Protein chains: 2
Amino acid sequence: MNVRTLCLSILHDGDATGYEIRRLSVEGECSYFVEASFGSIYPALARLESEGLVSSRLEQQDGKPTKKIYSITPAGRDAFVQELSAPMGEEVFRSPFLLFARFAHLLPRELVAARANDYLAVRQEKHRIVAEAMETPSLNACDAWVINYGRAIMGVAEEYLRTHMDDLIKLGRAEPNKDAAE
Amino acid sequence: MNVRTLCLSILHDGDATGYEIRRLSVEGECSYFVEASFGSIYPALARLESEGLVSSRLEQQDGKPTKKIYSITPAGRDAFVQELSAPMGEEVFRSPFLLFARFAHLLPRELVAARANDYLAVRQEKHRIVAEAMETPSLNACDAWVINYGRAIMGVAEEYLRTHMDDLIKLGRAEPNKDAAE
DNA sequence: GGGGCGCTATGTCGGACCGATATATGTCGG
DNA sequence: CCGACATATATCGGTCCGACATAGCGCCCC
């Protein structure tokens, strides 16, 4: 799942600028399983345009910088379907928090507690965004399926964390001052 | 959570070669939230050694290539704890399957069914690995917490997929021959 | 009223990381 | 007997992220 495909997928649902693609990938209903940065979106769009898979038009705005609005072309739609039909990449899940949690016994209890609370807040926020996305009026059936899947998983993640984080915090070191205590 | 920290975390629990670090990160009990490739492990180990955070010794074996066994140094342990105490990176979840699922309505039903079945198999395998990891005899409390967290989430993911994948497959296109049907 | 911050908007650049490939060798199955 | 696979180290091209550069406008607070 490269950035090219991500851009095509967003443009498939409607025109957008590079900036909007970024925002949708980070804050949108699907931000829990796709994401891309400016540093890869803009070059990807430029390359897609040079290949004729997207087209662009400039739009002046007063008070704001000029926008470069991209549209997907028929060739782009074909290429997108082709890309979806080709073998997929692997799923990626990387969690710095879980790596941290594995070594909670090395770290002061206050730090473990702070991190666990931060992580819970992040999970709750993500869960809220996905739950809210289900309220979208014009939601196609595929999007609804994906959102429900995400909501089911996030719901459990949040609940497990909420009910078990105290166990993890108790594993943190009680006396952070003694260095050779372990 | 860079590859350097990942290497230190594995060496913290015992000596290993670059090859073994790779295998642990891909097949081990924590492979569901950490992973790294050879292309980043070997350079990372070389750099860690030049900085004195790990040391290495060569071990001849007959029938197999010479191994280069790495050990973490006291300075390496300090640096590891330091790194865990520093602000963490964001969690990453990228799912090509969910992007595919969002556009199931564009794709032939047989393809959707095949992909859903493949994905279910992958999820079941991952779930099995984590569930099995709980049986490990010498399991410290932190690892147990992390594994249980993963098991809870993977259990729900697998079950949701198993009970709802038919709904997704039904959203696939029934007649893949008509191109202009959409 | 002015200074700083944040938002919209495009884009570049260094560095991190993946995936494929190269190299060498030994085992095991067909 | 040959290819596939496992062990083991290492490099390289290309992708992608994160930080930075640029720039005009609105908003808030002092």
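Chain naming here is simple, since letters A, B, ... match the order of the sequence lines and numbering starts at 1 in each. The basis for the numbers below is simple: all heavy atoms, side chains too, and nothing from hydrogens, waters or symmetry mates. Since we're looking at a predicted model, the values are computed, not measured.
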A.B. asks: Verify whether one side chain among B:Ser25 and B:Glu35 offers a donor that lies under 3.5 Å from an acceptor in the other.
C.D. replies: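 No, B:Glu35 and B:Ser25 have no side-chain donor paired with an acceptor closer than 3.5 Å.
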A.B. asks: Roughly how many Å is it from CD in B:Glu49 to C1' in D:dT9, rounded to a whole number?
C.D. replies: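 Rounding to the nearest Å, CD of B:Glu49 and C1' of D:dT9 are 13 Å apart.
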A.B. asks: Determine yes or no for a side-chain-to-main-chain donor-acceptor pair under 3.5 angstrom, with A:Thr136 supplying the side chain and A:Leu139 the backbone.
C.D. replies: no
A.B. asks: Assign A:Glu59 to base, sugar-phosphate, or nothing according to its heavy-atom contacts below 4.0 angstrom with the strands shown.
C.D. replies: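 If one applies the 4.0 Å heavy-atom cut-off, A:Glu59 turns out to touch nothing in the nucleic acid.
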A.B. asks: Within this structure, what is the CD1-to-C1' distance between A:Ile41 and D:dG18, rounded to whole angstrom?
C.D. replies: 13 Å
A.B. asks: Round to the nearest Å and state the distance from A:Ile21 atom CD1 to C:dA9 atom P.
C.D. replies: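 After rounding, the reported distance stands at 12 Å.
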A.B. asks: Is the phosphate of C:dT10, meaning OP1 or OP2, less than 4.0 Å from a side-chain N or O of A:Thr66?
C.D. replies: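 No, A:Thr66 has no side-chain N/O under 4.0 Å of OP1/OP2 on C:dT10.
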A.B. asks: What's A:Ala36 touching, base or sugar-phosphate or nothing? Going by heavy atoms closer than 4.0 Å.
C.D. replies: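 Sugar-phosphate only.
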A.B. asks: Does B:Ser40 place a side-chain N or O at less than 4.0 Å from the phosphate oxygens OP1/OP2 of C:dA16?
C.D. replies: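 For C:dA16, neither OP1 nor OP2 has a side-chain N or O of B:Ser40 closer than 4.0 Å.
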A.B. asks: Check whether any side-chain nitrogen or oxygen of A:Lys68 sits under 4.0 Å from OP1 or OP2 of C:dT10, and answer yes or no.
C.D. replies: no
A.B. asks: Is the gap between the ring centers of A:Phe103 and B:Phe80 under 6.0 Å?
C.D. replies: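 So the answer is yes for these two rings.
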A.B. asks: With nearest nucleotide decided by heavy atoms, which residue, A:Arg22 or B:Phe38, maps closer to the 5′ end of DNA chain D?
C.D. replies: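 Upstream on the strand: B:Phe38.
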A.B. asks: Output the rounded distance in Å from OH (A:Tyr42) to P (D:dA19).
C.D. replies: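 Nearest whole value for this atom pair: 17 Å.
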A.B. asks: What does A:Ala44 touch in the nucleic acid at a heavy-atom separation under 4.0 angstrom: a base, only the sugar-phosphate, or nothing?
C.D. replies: nothing
A.B. asks: Please determine whether residues B:Leu120 and B:Ile153 belong to a single hydrophobic cluster, defined as Ile, Leu, Val, Met, Phe, Trp and Tyr linked transitively by side-chain heavy-atom distances below 4.5 Å.
C.D. replies: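 Yes, it is one cluster - the side chains of B:Leu120 and B:Ile153 are joined through contacts under 4.5 Å.
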A.B. asks: Mind calculating the distance between OH (A:Tyr19) and P (C:dC7) to the nearest angstrom?
C.D. replies: 7 Å
A.B. asks: Name the pairing partner of C:dG1, where a pair is Watson-Crick or G-U wobble with both distances under 3.5 Å, or state none.
C.D. replies: D:dC30
A.B. asks: Taking atom C1' of D:dG18 as reference, at what distance in whole Å does atom CG of B:Asn2 sit?
C.D. replies: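 The answer, rounded to whole Å, is 14 Å.
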A.B. asks: Quick one: on DNA chain C, does A:Glu90 or A:Pro43 contact a more 5' nucleotide (nearest heavy atom)?
C.D. replies: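 It is A:Pro43 whose nearest nucleotide is closer to the 5' end.
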A.B. asks: Under a 3.5 Å limit for both distances, which nucleotide forms a Watson-Crick or G-U wobble pair with C:dA24, could you say?
C.D. replies: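 Pair assignment: C:dA24 / D:dT7.
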A.B. asks: Is it the case that the ring center of B:Phe33 lies less than 6.0 angstrom away from the ring center of A:Phe93?
C.D. replies: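 They do not qualify: ring centres at least 6.0 Å apart.
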A.B. asks: Once you apply a heavy-atom cut-off of 4.0 Å, does B:Gly39 come out as touching a base, just sugar-phosphate, or nothing?
C.D. replies: base
A.B. asks: B:Arg94 CZ to C:dC18 P: how many Å, rounded?
C.D. replies: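 So the two atoms are 13 Å apart, to the nearest Å.
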A.B. asks: Nearest whole angstrom, please: distance from the C1' of C:dT10 to the CG of A:Leu45.
C.D. replies: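 In whole Å, C:dT10 C1' lies 11 Å from A:Leu45 CG.
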